Number of protein chains: 2
Amino acid sequence: MDQSPPRNTSVTVADVAHKAGVSKATAARVLGGYGTVSDRVREAVTAAARALDYRPNELARSMTTGRSGTIGVVVGDIENPFFSLAVRGITDVARQAGFTVILINSGEDVAAEKAAIRTLLAKRVDGLIVSPAKESDVEHLREAFRSGLPLALLDRGSDELDVDTVIADDRHAAEAVTCRLLSLGHRNIAYLTACDTPDHRFRTAKDINTGSVRRRIEGFLGACRDAGLTGMEQWIHVGAVTPEHTQRIAKGMLQSALRPTALIASDSVIGLEVFKVCRELGLSVPHDLSLVSFHDADWTSVTTPPVTVVRQPVYGLGETVAKLLVERLNGERQDARKVVLKTEIVERASTGEPIQGER
Amino acid sequence: MDQSPPRNTSVTVADVAHKAGVSKATAARVLGGYGTVSDRVREAVTAAARALDYRPNELARSMTTGRSGTIGVVVGDIENPFFSLAVRGITDVARQAGFTVILINSGEDVAAEKAAIRTLLAKRVDGLIVSPAKESDVEHLREAFRSGLPLALLDRGSDELDVDTVIADDRHAAEAVTCRLLSLGHRNIAYLTACDTPDHRFRTAKDINTGSVRRRIEGFLGACRDAGLTGMEQWIHVGAVTPEHTQRIAKGMLQSALRPTALIASDSVIGLEVFKVCRELGLSVPHDLSLVSFHDADWTSVTTPPVTVVRQPVYGLGETVAKLLVERLNGERQDARKVVLKTEIVERASTGEPIQGER
DNA sequence: TTGAAAGCGCTACCAT
DNA sequence: ATGGTAGCGCTTTCAA
């Protein structure tokens, strides 16, 4: 009747054991690679498994061991080159350590992030890597961590959360970049970020909920203050959440009477849109506007002029956070570690002195 | 002794049932949302679950139902903007349909791809989306499919494999692009791809194992043949597997005596490197070289000159393949569907007539 | 409408 | 070294 090859509709250890003429326990030992078995039996079982085309059921294994061999990763948006590169770092380390990765996008929305973590908990992931949408709203993370789930934070830390964290030295980078612009003679320096506030206006760094961005803004404001400049808060623009928003905000800024002579883009997606706007408005970079962008995205080196950037070790960020988590999963460490990776300013031709006489 | 809040170290249906004063089966019915229960009991159980902070164990659920609520996705490299955008499309559709995604990079290596699929099978994913590294080597896919696992192919089909497939009209796009270059007067048109052959040389399209690329090359050669050009195989270069390789190959080509007047890059990563090489060698685009790239990557519109590209609906590719798979998982369809999405040539300033008198 | 009990496929503990 | 057996937490008959 059934002339198809050995139907693999769930060949179990019991089946293999039966064919090999040994007990279920023994078959399980060789199939699962634990315990001790004689060479003779091992071969018999292996042969039977091959003949039957046995495939282990990791789900069942996880049920009894309590380990799923899975790491949950929650990032803002995998489409963003920053995250896709970081995720590449994470998956590389995870795979090498024998873990698979379940990936969920939060869209930088806390509600979605919470749902994602609930899902991941239900799937019984062994550990969690999260790039929190809002550092002020991390109760769900704290709870997951307290309930015993190893947790590591990517790119955005939280002072309140004492867990493994890997970030870049954003504050320092922003300070350095700002100082450079100041020393070139700029005084009207704008900062543009995707992070938003309830009324879409910036007042104080405390309103910024994304850790990395808040630190950058603090660095920016700090450098300005050190240079004797006050009220620089007015140059910080928030809410560049989509290319369209970014374009609108950038145009508004660059066409106003009191326009910036330099602009710092908080990520490469924003930097790209600002660059496009400059073209569209016929503004010369760096003559009319000096442009600096965070993240050394591929396009920044091929524009005319090429764009000065803050180079972050993005792949390394992912790699490192995954390593920390794996260490913890392997029980090699208990204490929380906060790692800060160095950035580097790559000065290219998009930055220069402001036009003479202007401001 | 233990003064911490309700320890959530695995609160089970049994615990909830006990607290609610009902049987395990009844508690399971309301917790699992199946069967019928009275409102009174439902409330009691819900309250008990909340009090105990019950979290369902999807693993256990999957054990009995046989469905894991998970889709396995195998792509070449999530770092590549093409794949990260496609994956975004996949995850969006999957999430909306109630599935999570396990992501594995194959690095375009068949052995890694096989291992990935083995892992995914062991994890009992409900379905699989794969962008096969080599269409000539799909025995593992055929096997997975035959064993009853719903499978859908992304960007790279296989005539031998009668499964759901979503690709772009690569052949047509390549034909159109080639015709355009021919009509501009180009005769020395190079094609550069990451796909490699054993001896790193191109002979015939049959040697190209990546479906999408093979189709493009067939389109390229077909268009040349129609124009009366023969021996164009010599202009096809393979093995641009890393930026370094790409740079080396591109330099070799552009510095040789018989150099191309136009070049088609098989993906945006290659296109970017070629663009850089042109700069480095001081070649003017399009004066010295007309450049066309597949994939409308973000950077292509901001270079000087902006680059002519084949715009593929990459997000849509991912979206569509995920929809097909979900349809099948929901048992809404049995037959295999092959979807071909339209591309569009975006002609920008990187293409023009070749220099007078040359060849 | 509710409850009792039988598994899902595997690991792990205790004997032998 | 090998076998028997008791679960893991859930769903799913089958009865009541």
Side-chain angles (χ1 to χ4, degrees), chain A residues 7-46 48-49 52-70 119 121-126 147-148, chain B residues 7-46 48-49 52-70 119 121-126 147-148:
Chain A
R7 309 222 45 188
N8 189 41
T9 320
S10 270
V11 174
T12 72
V13 279
D15 300 326
V16 176
H18 183 75
K19 182 168 182 96
V22 298
S23 78
K24 223 175 64 171
T26 305
R29 274 191 268 266
V30 10
L31 262 19
Y34 56 92
T36 46
V37 272
S38 66
D39 289 355
R40 275 253 306 281
V41 170
R42 164 168 290 109
E43 281 170 36
V45 172
T46 309
L52 262 28
D53 191 25
Y54 167 80
R55 309 280 181 83
N57 184 334
E58 280 290 347
L59 249 38
R61 186 170 288 171
S62 301
M63 274 293 297
T64 56
T65 60
R67 307 171 26 88
S68 63
T70 302
T119 303
L121 285 173
K123 297 260 185 216
R124 291 299 192 264
V125 294
D126 292 335
S147 82
Chain B
R7 309 220 45 186
N8 188 38
T9 320
S10 269
V11 175
T12 71
V13 279
D15 300 327
V16 176
H18 183 76
K19 183 169 183 91
V22 298
S23 78
K24 220 175 66 172
T26 304
R29 275 190 265 264
V30 9
L31 262 19
Y34 55 90
T36 46
V37 272
S38 65
D39 288 355
R40 277 253 307 280
V41 170
R42 163 167 289 109
E43 280 170 35
V45 172
T46 310
L52 261 31
D53 191 26
Y54 167 79
R55 310 280 180 86
N57 184 334
E58 281 291 347
L59 250 39
R61 186 169 288 172
S62 301
M63 274 291 296
T64 56
T65 60
R67 306 169 27 89
S68 63
T70 302
T119 303
L121 284 173
K123 297 260 186 215
R124 292 299 191 264
V125 293
D126 292 334
S147 80

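Here is the naming used below: chain letters follow the sequence lines, and residue numbers restart at 1 for every chain. Here the structure is a predicted model, which is why all the values come from computation and not from measurement. Basis for what follows: all heavy atoms, side chains included, without hydrogens, waters or symmetry-related copies.
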Participant: Distance check needed: C/dT2 C1' versus B/Arg42 CZ, whole Å only.
Facilitator: 13 Å
Participant: B/Ser23 side chain N/O closer than 4.0 Å to the phosphate oxygens (OP1, OP2) of C/dT2?
Facilitator: no
Participant: Among D/dG9, C/dT2, D/dT2, find the nucleotide with the atom closest to the side chain of B/Thr36.
Facilitator: C/dT2
Participant: Checking side chain to side chain contact (heavy atoms under 4.5 Å, CB included) for the pair A/Thr12/A/Asp15: CA distance, chi angles, key distance, verdict?
Facilitator: CA-CA 5 Å; A/Thr12 72; A/Asp15 300 326; 3.5 Å; yes
Participant: What pair of heavy atoms forms the shortest contact from B/Val13 to B/Ala28, and how long is it?
Facilitator: CG1-CA, 4.1 Å
Participant: Got a sec, which pairs hit salt bridge (Lys or Arg N to Asp or Glu O under 4.0 Å) with one end in residues 29-39 of chain B, sequence neighbours left out?
Facilitator: B/Asp39-B/Arg42
Participant: Could you give the CE-to-C1' distance, from B/Met63 to C/dA6, as a whole number of Å?
Facilitator: 13 Å
Participant: Applying a 4.0 Å non-hydrogen cut-off, can you work out what B/Ser38 is touching in the nucleic acid: base, sugar-phosphate, or nothing?
Facilitator: sugar-phosphate
Participant: Looking only at heavy atoms, which two atoms of B/Tyr54 and B/Val11 are closest? And how far apart?
Facilitator: CD1-O, 3.2 Å
Participant: How far does the helix from C/dT1-D/dA16 to C/dT16-D/dA1 bend, going by the axes of its first and last five pairs, to the nearest 10°?
Facilitator: 30°
Participant: With B/Val30, which residues qualify under side chain to side chain contact (heavy atoms under 4.5 Å, CB included), at least two apart?
Facilitator: B/Val37, B/Val45, B/Thr46
Participant: Identify all side-chain donor-acceptor contacts of residues 19-27 of chain A below 3.5 Å with residues at least two apart in sequence or on another chain.
Facilitator:
{"unit_1": "A/Ser23", "atom_1": "OG", "unit_2": "A/Ala25", "atom_2": "N", "d": "3.4"}
{"unit_1": "A/Ser23", "atom_1": "OG", "unit_2": "A/Thr26", "atom_2": "N", "d": "3.2"}
{"unit_1": "A/Ser23", "atom_1": "OG", "unit_2": "A/Thr26", "atom_2": "OG1", "d": "3.0"}

Participant: For B/Arg40 and C/dT2, give me the distance from atom CZ to atom C1', rounded to whole Å.
Facilitator: 13 Å
Participant: Can you see which heavy atom on B/Leu31 is nearest to which on B/Ala49, and at what distance?
Facilitator: CD1-CB, 4.0 Å
Participant: Among the nucleotides D/dT2, D/dG9, C/dG3, which one has an atom lying closest to any side-chain atom of A/Val37?
Facilitator: D/dT2
Participant: Just distance, no hydrogens or angles: give the donor-acceptor pairs under 3.5 Å from side chains in residues 59-67 of chain A, sequence neighbours left out.
Facilitator:
{"unit_1": "A/Arg61", "atom_1": "NH1", "unit_2": "A/Glu58", "atom_2": "OE2", "d": "3.4"}
{"unit_1": "A/Ser62", "atom_1": "OG", "unit_2": "A/Glu58", "atom_2": "O", "d": "2.8"}
{"unit_1": "A/Ser62", "atom_1": "OG", "unit_2": "A/Arg67", "atom_2": "O", "d": "3.2"}
{"unit_1": "A/Thr64", "atom_1": "OG1", "unit_2": "A/Arg61", "atom_2": "O", "d": "3.0"}
{"unit_1": "A/Thr65", "atom_1": "OG1", "unit_2": "A/Arg61", "atom_2": "O", "d": "3.0"}
{"unit_1": "A/Thr65", "atom_1": "OG1", "unit_2": "A/Arg67", "atom_2": "N", "d": "3.2"}
{"unit_1": "A/Thr65", "atom_1": "OG1", "unit_2": "A/Arg67", "atom_2": "O", "d": "3.3"}

Participant: If the condition is side chain to side chain donor-acceptor pair (under 3.5 Å), which residues does B/Lys123 pass it with, not counting sequence neighbours?
Facilitator: A/Thr70
Participant: In this structure, how many angstroms lie between the C1' atom of D/dT11 and the CZ atom of B/Arg67, rounded?
Facilitator: 14 Å
Participant: Along nucleotides 10-16 of chain C, 5' to 3', which nucleotides get a B, which get an S, and which get a -, given that the test is a protein heavy-atom distance under 4.0 Å?
Facilitator: BBBB---
